[in-house]
J.: 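I have a structure here, written as C-alpha cells, and I will follow up with some questions on it.
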Amino acid sequence: MAKSDNNSCQRVEGIDYISGIPLSIDISGGYIADISFEKSMDSSDLPFIAPGLFDIQVNGINGTDFNTCPLSYNDIRTALVAHHRHGITSFFPTLVTSDRENLKESLLQISSFCTDYPDEGSSIAGIHLEGPFISGDDGPRGAHSKKYITLPDISLLEVWQHCSGGMVKLITLAPELPGTLEFIKQCRKNGILVALGHTSANTDQIRKAVMAGAKLSTHLGNGAHLMLPRHPNYLWDQLAERNLWASIIADGFHLPDNFMRVVFKVKGDHTILISDSTKFTGMNPGKYHSLIGGPVVLTSDGRLCTAENPDILAGSAMTLLDCVNYLTSKNICTIPKAWKMASVNPSNLLFPAIPNGLKTGARADIVLFARENGRIIIRQTIKSGKRVYDMRKQ
C-alpha cells in the first residue's frame, strides 16, 4: 500500500501486476525514483501494483459531456474525480463534429481549467478532435452531425489549437477527403498525431495516408457501413497496414469477441483500448436525452442504445476499467495484456520519448488494485506521486 504524509506518497508496496512478485516503489518529486523487487516480503494482504490507465477517447462520464456548451469547471472536475475512481490517471477529452464556435468554447474552457488548476489538470494529457473532417456517408459518419462535417482545413485547426493552448494531440479524420494528405503532413509537423476513422476510404487512400504520417485507426470496426464487400474493404486494409496502430472499444457491445481476438493477434502491442465513454457512463439505468443521438436508453447491463431502435448503439457507457474487466472475465486476454493495452501502449504511441509504466524515471502514475469475484477493484489511484483516490476514504 502507499505510505505517505498527507496526500504525497514516498513509497508504494504491492505485487507486480505482471510477474506476481512483491515490490516496493520509491517516489520523489512526482516521479518513480527506484523500484525494488522484494521476494521475501509478505504479500498476503498486498494489492497489485500497475501503471495508471490512459484513455485517449472520452466524450464524457458521470453526467459530464465535453461537447456540451457551456462546459463548466465543475463539469471537468466531476470527470476527473470519476476517472481517478476507476484507476485512470490520464485521458483525452474528446470533442466530436459540432458547431465551430462551440468547439472553440470547449477548447478554451478545458485549456483554462488546466492553466488555473495545474495539479488537477495534469490528468488531462491532451485533447482528441474526432472530426469534423470525416465522411458524410451514413454508416461511416456514425452519430456525427452531417451539418458540421467539412473538408480538412489547416487554418481552422490552427485556430482550434490556439484556443486549446496547444493541447490538441490527436485528430481523427477520413483520408479520402480532398486535401487530406497535405493536412496530415502539416499535423505531424505541428506535433499532432493523426488517426483514421469514420471513413469509407479505399486501399490506395489508406496506404497514402499512412505514408503521409497517419499512425492510428480510431475505434476500428465501428463507425463503418453495416455491409461491406468481402474484400477488399477498409477494415482489412487498416488491419494489414503495419504502421497503423488500432484502438478498439472493448465494452462487450461494440465489437464481437472474435473480432477483438483477431485485432490483438494482428496488431499486438500496437493495440490500444479505449472506452469512447459518454456522459451516461456511471449513471443509473433509464431513459435519457443525448446531445447527439436524441432519446436513448441505458440498460441495467450497461448497454446504451437509441430509444427508437434498441438494435442501434448510442455510444458507450463503460469506463476503460470496465473494458479491461470485460476482456479478462471472458478470457479473451490476461490482466497484464489488457492492462498494458489500456496504459502503457497509448503512452508509447502518443508520447514515445517519455518514460512510462513502472519504470525508474517515469511519472508516478500508479494504481493499486485487488481482484474480487473475478473483477478488478481499484483500491488507490496515485497521480504524479499524490493519492487522488482511496477506496478506504469513500
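In what follows, residues are counted from 1 in the order of the sequence shown.
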J.: Looking only at atom types and distance, does a side-chain atom of N102 sit under 3.5 Å from a main-chain N or O of C69, one as donor and one as acceptor?
T.: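 Side chain of N102 to backbone of C69, a donor-acceptor pair under 3.5 Å: no, none is there.
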J.: Measure from the side-chain N and O atoms of T68 to the backbone N and O of L71, and report whether any donor-acceptor pair falls under 3.5 Å.
T.: no
J.: Are the side chain of S164 and the backbone of S111 linked by a donor-acceptor contact shorter than 3.5 Å?
T.: no
J.: Are any of the side-chain nitrogens in R207 or E241 under 4.0 Å away from the carboxylate oxygens of its partner?
T.: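 No, this pair does not count.
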J.: Test of understanding: clusters of I, L, V, M, F, W, Y form through side-chain heavy atoms closer than 4.5 Å, transitively. Do I354 and I27 belong to the same one?
T.: no
J.: With L103 as reference, evaluate V96, V159, L95 under the side chain to side chain contact (heavy atoms under 4.5 Å, CB included) test and give the passing residue.
T.: L95
J.: Which heavy atom in L358 sits nearest to a heavy atom in I35, and how many Å separate them?
T.: O-CD1, 3.3 Å
J.: For the side chain of K383 and the backbone of T89, is there at least one donor-acceptor N/O pair under 3.5 Å apart?
T.: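 Yes, K383 side chain to T89 backbone: donor-acceptor pair under 3.5 Å.
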J.: Checking the side chain of S135 only, and the main-chain atoms of T199 only, is there a donor and an acceptor separated by less than 3.5 Å?
T.: no
J.: I'd like to check W245 versus T271 (side-chain heavy atoms, cut-off strictly below 4.5 Å). Are they in contact?
T.: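 Side chain of W245 against side chain of T271, heavy atoms only: no contact under 4.5 Å found.
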J.: For the pair F351 and F92, name the ring-plane relationship: parallel under 30°, tilted 30 to 60°, perpendicular over 60°.
T.: perpendicular
J.: Determine, using the 4.5 Å side-chain heavy-atom cutoff (strictly less than), whether V12 and I88 are members of one ILVMFWY cluster.
T.: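 Both belong to a single hydrophobic cluster.
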J.: Under 3.5 Å, is there a donor-acceptor pair between the side chain of D75 and the main chain of S72?
T.: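 Yes, D75 side chain to S72 backbone: donor-acceptor pair under 3.5 Å.
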J.: Given side chains that start at C-beta, do those of N59 and E130 come closer than 4.5 Å, heavy atoms only?
T.: yes
J.: Return yes if some donor-acceptor pair links the side-chain N/O of D55 with the main-chain N/O of V58 below 3.5 Å, else return no.
T.: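 The answer is no, because no donor-acceptor pair under 3.5 Å joins these two groups.
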J.: Would you check if the distance from the ring center of F54 to the ring center of F91 is below 6.0 Å?
T.: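 When the ring centroids of F54 and F91 are compared, they turn out to be at least 6.0 Å apart.
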J.: Under the 3.5 angstrom rule, does the side chain of D276 hit a backbone N or O of I249 as a donor-acceptor pair?
T.: no
J.: Hey, does T299 have a side-chain heavy atom less than 4.5 Å from the side chain of P285?
T.: no
J.: Considering all heavy atoms of both residues, which atom of I332 and which atom of F264 are nearest to each other, and what is their separation?
T.: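 Shortest heavy-atom contact: CG2-CE1, 3.7 Å.
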J.: Just wondering, do K287 and V296 contact through their side chains at under 4.5 Å, heavy atoms?
T.: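 No; the side chains remain at least 4.5 Å from each other.
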J.: Hey, are D16 and S19 close enough side-chain-wise for a donor-acceptor pair under 3.5 Å?
T.: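 Side chains of S19 and D16: pair found under 3.5 Å.
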J.: SG of C114 to CD1 of I127: how many Å apart, nearest 0.5 Å?
T.: 7.0 Å
J.: Report the C-alpha distance between R85 and Y389 in whole Å, list the side-chain angles of each, state the deciding distance to 0.1 Å, and finish with yes or no for side-chain hydrogen bond (donor to acceptor under 3.5 Å, both in side chains).
T.: CA-CA 6 Å; R85 189 168 63 249; Y389 170 74; 5.9 Å; no
J.: Identify the two heavy atoms, one from P175 and one from Q205, that lie closest to each other, and give their separation to 0.1 Å.
T.: CB-O, 4.0 Å
J.: Do K267 side-chain atoms and L239 backbone N/O form a donor-acceptor pair below 3.5 Å?
T.: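 Side chain of K267 to backbone of L239: a pair is present.
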J.: Looking at CG of N356 and OG of S343, how far apart are the two atoms once the value is rounded to the nearest 0.5 Å?
T.: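 Atom-to-atom, N356:CG and S343:OG are 7.5 Å apart.
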J.: Applying side-chain hydrogen bond (donor to acceptor under 3.5 Å, both in side chains) to Q380 and H84, what does each step give before you reach the verdict?
T.: CA-CA 9 Å; Q380 290 187 18; H84 292 159; over 6 Å; no
J.: Start with the C-alpha distance between I206 and L196, add both sets of side-chain angles, then the distance that settles side chain to side chain contact (heavy atoms under 4.5 Å, CB included), and finish with yes or no.
T.: CA-CA 8 Å; I206 290 172; L196 309 183; 4.2 Å; yes
J.: To the nearest 0.5 angstrom, please state how far the CD atom of E176 sits from the CD1 atom of I134.
T.: 10.0 Å
J.: Evaluate N258 against R261 for side-chain hydrogen bond (donor to acceptor under 3.5 Å, both in side chains), listing each step before the verdict.
T.: CA-CA 5 Å; N258 282 343; R261 288 188 173 97; 3.1 Å; yes
J.: Sub-3.5 Å donor-acceptor pair from the side chain of T180 to the main-chain atoms of L177, do we have one?
T.: yes
J.: Side chain to side chain contact (heavy atoms under 4.5 Å, CB included) between S106 and F66: does it pass, once the steps are laid out?
T.: CA-CA 7 Å; S106 295; F66 289 112; over 6 Å; no
J.: Tell me if the NZ atom of K386 is crowded by more than 12 foreign heavy atoms within 6.0 Å.
T.: no
J.: Determine whether the aromatic ring centres of residues H198 and H144 are separated by less than 6.0 angstrom.
T.: yes
J.: Do other residues, nucleotides or ligands put more than 12 heavy atoms under 6.0 Å from E308 CD?
T.: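 12 or below, so no.
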J.: Apply side chain to side chain contact (heavy atoms under 4.5 Å, CB included) to residues K146 and R141 and explain how you reach the verdict.
T.: CA-CA 8 Å; K146 194 169 186 177; R141 177 168 52 85; 3.8 Å; yes
J.: Contact between Y288 and P295 at the side-chain level, heavy atoms closer than 4.5 Å - yes or no?
T.: no
J.: When you look at S36 and D34, which way does the side-chain hydrogen bond (donor to acceptor under 3.5 Å, both in side chains) test go after all the steps?
T.: CA-CA 7 Å; S36 301; D34 187 56; 3.1 Å; yes
J.: In the single-linkage hydrophobic clustering (I, L, V, M, F, W, Y; side-chain heavy atoms under 4.5 Å), do L350 and I110 co-cluster?
T.: no
J.: Could you check whether R375 makes a cation-pi contact with Y326, meaning its NZ or CZ is under 6.0 Å from the centre of the six-membered ring and within 45° of the ring axis?
T.: no
J.: Restricting to non-hydrogen atoms, name the atom on P152 and the atom on G179 that form the minimum distance, rounded to 0.1 Å.
T.: CB-O, 4.4 Å
J.: In plain terms, say whether D390 and R392 are close enough for a salt bridge, that is, a side-chain N and a carboxylate O under 4.0 Å apart.
T.: yes
J.: Are the side chains of P70 and Q109 in contact, using a 4.5 Å heavy-atom criterion?
T.: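 Not in contact.
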J.: So which atom in L321 and which in H86 form the shortest heavy-atom distance, rounded to 0.1 Å?
T.: CB-O, 3.6 Å
J.: Within a strict 4.5 Å, meaning less than it, do heavy atoms of the L53 and T319 side chains meet?
T.: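 In short, these two side chains do not touch, never coming nearer than 4.5 Å.
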J.: Side chain to side chain contact (heavy atoms under 4.5 Å, CB included) for I15 and L23? Distances and angles first, verdict last.
T.: CA-CA 6 Å; I15 303 170; L23 56 74; over 6 Å; no
J.: Just checking, is any N or O donor in the side chain of T203 or D237 under 3.5 Å from an acceptor N or O on the other one?
T.: yes
J.: Any side-chain heavy atom of M260 within less than 4.5 Å of one from L327?
T.: yes
J.: Ignoring hydrogens, what is the shortest heavy-atom contact between I192 and L170? Give both atom names and the distance.
T.: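 Where I192 meets L170 most closely, the heavy atoms are CG2-N, 4.0 Å.
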J.: Can L216 be reached from L255 by stepping across I, L, V, M, F, W or Y side chains whose heavy atoms are under 4.5 Å apart?
T.: no
J.: Do L193 and I154 sit in one hydrophobic cluster, given that two such residues count as connected whenever their side-chain heavy atoms are within less than 4.5 Å of each other, even indirectly?
T.: no
J.: Indicate, with yes or no, if the rings of F369 and F48 have centres closer together than 6.0 Å.
T.: yes
J.: Going by atom types only, do H83 and S123 share a side-chain donor-acceptor pair under 3.5 Å?
T.: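 No, S123 and H83 have no side-chain donor paired with an acceptor closer than 3.5 Å.
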